[in-house]
Structure formats: structure tokens, C-alpha cells
Amino acid sequence: MEQLRSIAEVRAWRARQAHAGHRVALVPTMGALHQGHLSLIREAQARCEAVIASVFVNPTQFNSARDLDAYPRDERGDLKALEGVGCDAVFLPSVEELYPQGAQTRVNVGSLADHLCGATRPGHFEGVCTVVSLLFHIVGCDVAIFGEKDAQQLAIIKQMTRDLRFPVEVVGAPTAREEDGLAMSSRNLRLSAQERCLAPSLYAGLSEASAAWARGERNPDQLKALARARFASKARVDYLELCDPLTLQPLNAHHGRSEALIAVAAFLGEVRLIDNLTLTPSSQEL
Ligand code: PAF
């Protein structure tokens, strides 16, 4: 696996792929890689001849210096994991490489960033879109893979890609889960033993709502109440919403003829976890 630290090295690698007739897939990450990330690499490998991951803890998407400092970093472990899964190249830029002194342009995403995570994390999605558009420009990828766990991020990146006419196919890959249902996340490493035991209750709640949806329940308040009843009492819910998967607007009533997304963000101690499930209409409703 080639380790690339400068933009020039990435461009030279990309040119060699083009010369070999390879399509390139990018998997952007912030490192501390787990099986969920590796499933994104496998998805990328299934779609393109050459796969590059980026590992960069992006300072512009953090709301507090404390959260940025606390973000887990493990370059050696990340390289080993990427080698193990057969990734072709990894881009490991420094902060100065992506944000040289004097850089001030930011990519602003509009109203999709106003709800859910955006409501309590001002500027977060601006930071995400800024770094993702930098990566798209630098790598010149044909395909980019993002996890469906970050449903709002995925919707916003798809919108940005359309709006800015990036010639990139943005693909969402299913959420990888631990055996007890907890969505895999680098943040899980920061949970105490007790919080780790309580964390799967978020998925249990979403699954309860999903089961009720499958039985025909369409009332958003009822679905949310069923989910909330399963959450551990120690979980501090930031939001629990039933929303339109494309516009992310909360649904106050649902006719059942289209998909809905039930999404949660909750704190266990200091750690903020997110998860979601897509609720699909029954065949009779379509
Ligand atoms: O989902 C993430 O890990 C990050 O938000 C991303 C897309 C790598 C941008 O820094």
C-alpha cells in the first residue's frame, strides 16, 4: 500500500491509475479504523480497480477543541488495518497540507445542515463539506463511499456533489454493527464499561419503532415514543426524529407511501452517539 502525505504525491498516484485505465474510489475517514470502515473499503473495491483511503482528523468539523483533542488517533493501527484489507493507497495529510496558512474558503451547505446534528453542532457540516470537496479535488476520484450511519452527512454530501457538479458517484454503505446491535463508531472507544453496556439500547429503540412500522404504525409521535421507551434512562437524547430521508425535514404526519428515516443522537456520559434506520413502505402502500 502506498503511503501518500502530500497533494503532489496523491496527484502523481492518481495519474498512474488513469494511465493504467483504473477507476478510483475514495474512502474518506478520520482514522481510528474499525470493521465499519473496512466494510467501506470492501464496498469501494467491489466498484473500482483502485482504492484510496484518507485518514485525516479534520479540525474544521469539530465544535470544541476538547472534542478534537479527545478524538482517537492510531496511525500505526490504521495502516495495518488498511494493508490487511488490501487498500491500494492511503492519503495522510497534515493539517497544513490541507489548510495552509491563510486558507479561508469554506463550503456552506444551506438548509440541509439546519436540523438533526446540524442544530446543535453549528459549522460541523461546513467543515465536513470543505474537507470532502478538498479531497474530491485532490484525488479526482470517480466514486466516494460514506457510511449510512451518518445519514445527514451522506444526504449533505450528495447535495453538495450535485450542486458543485463534482463528477463523483457518492455511494452510501450500510451501517456495520457489533453483535449487540451497537453501530460501529470510533467514538465507542471512549465509552466506559458501563456506558458500553447501555449503548445498544439506542439500536434496540430504533428497532422497536421499525417493528411497529412493519406492523403498520405510521404515527410519528407513537413511533418515537416506542423507541424512547427502550433507550437506557442514562442516555441523554439530543434528538429523536422521524424525517424525510432526502430533505431531512421532520415528519409530523406520515402517509406511509414513501420512506422515512428514524434518527437518534444521544449522549452516554460525554460521548455523543448517533444511529438511524430507514423505514420502507409496505408493498400495499406503494
Ligand atoms: O465521517 C467522517 O469520518 C468524516 O466526517 C469525514 C467524511 C471523513 C470528513 O472528515
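Start at 1 and go down the list; that is how both ligands and their atoms are numbered. This is a predicted model, so every value here is computed, not measured. Just so it is clear, the values below take in all heavy atoms, side chains as well, and ignore hydrogens, waters and symmetry mates. One is the number of the first residue; the rest follow in order along the sequence.
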Linked hydrophobic residues, Met30 as query - side chain contacts closer than 4.5 Å: Val57, Phe62, Leu68, Tyr71
Given a heavy-atom cut-off of 4.0 Å, could you list the residues near ligand 1 in chain and number order? Pro28, Thr29, Met30, Asn58, Gln61, Val128, Val131, Phe146, Gln153
Which residues, ordered by chain and number, are linked to Val171 in its hydrophobic cluster, where ILVMFWY side chains connect at heavy-atom gaps below 4.5 Å, directly or through other members? Met1, Val27, Leu33, Leu38, Leu40, Ile41, Val51, Val55, Leu79, Leu82, Val85, Val90, Leu92, Val143, Ile145
Is there a donor-acceptor contact under 3.5 Å linking the side chains of Gln159 and Arg162? yes
Can a donor-acceptor pair be found between the side chains of Gln17 and His22 at a distance below 3.5 Å? yes
State, with a plain yes or no, whether a side-chain heavy atom of Ile156 is found less than 4.5 Å away from one of Cys129. yes
Where at least one partner belongs to residues 77-116, residue pairs that pass ring pair (Phe, Tyr, Trp, His ring centres under 6.0 Å), sequence neighbours excluded: none
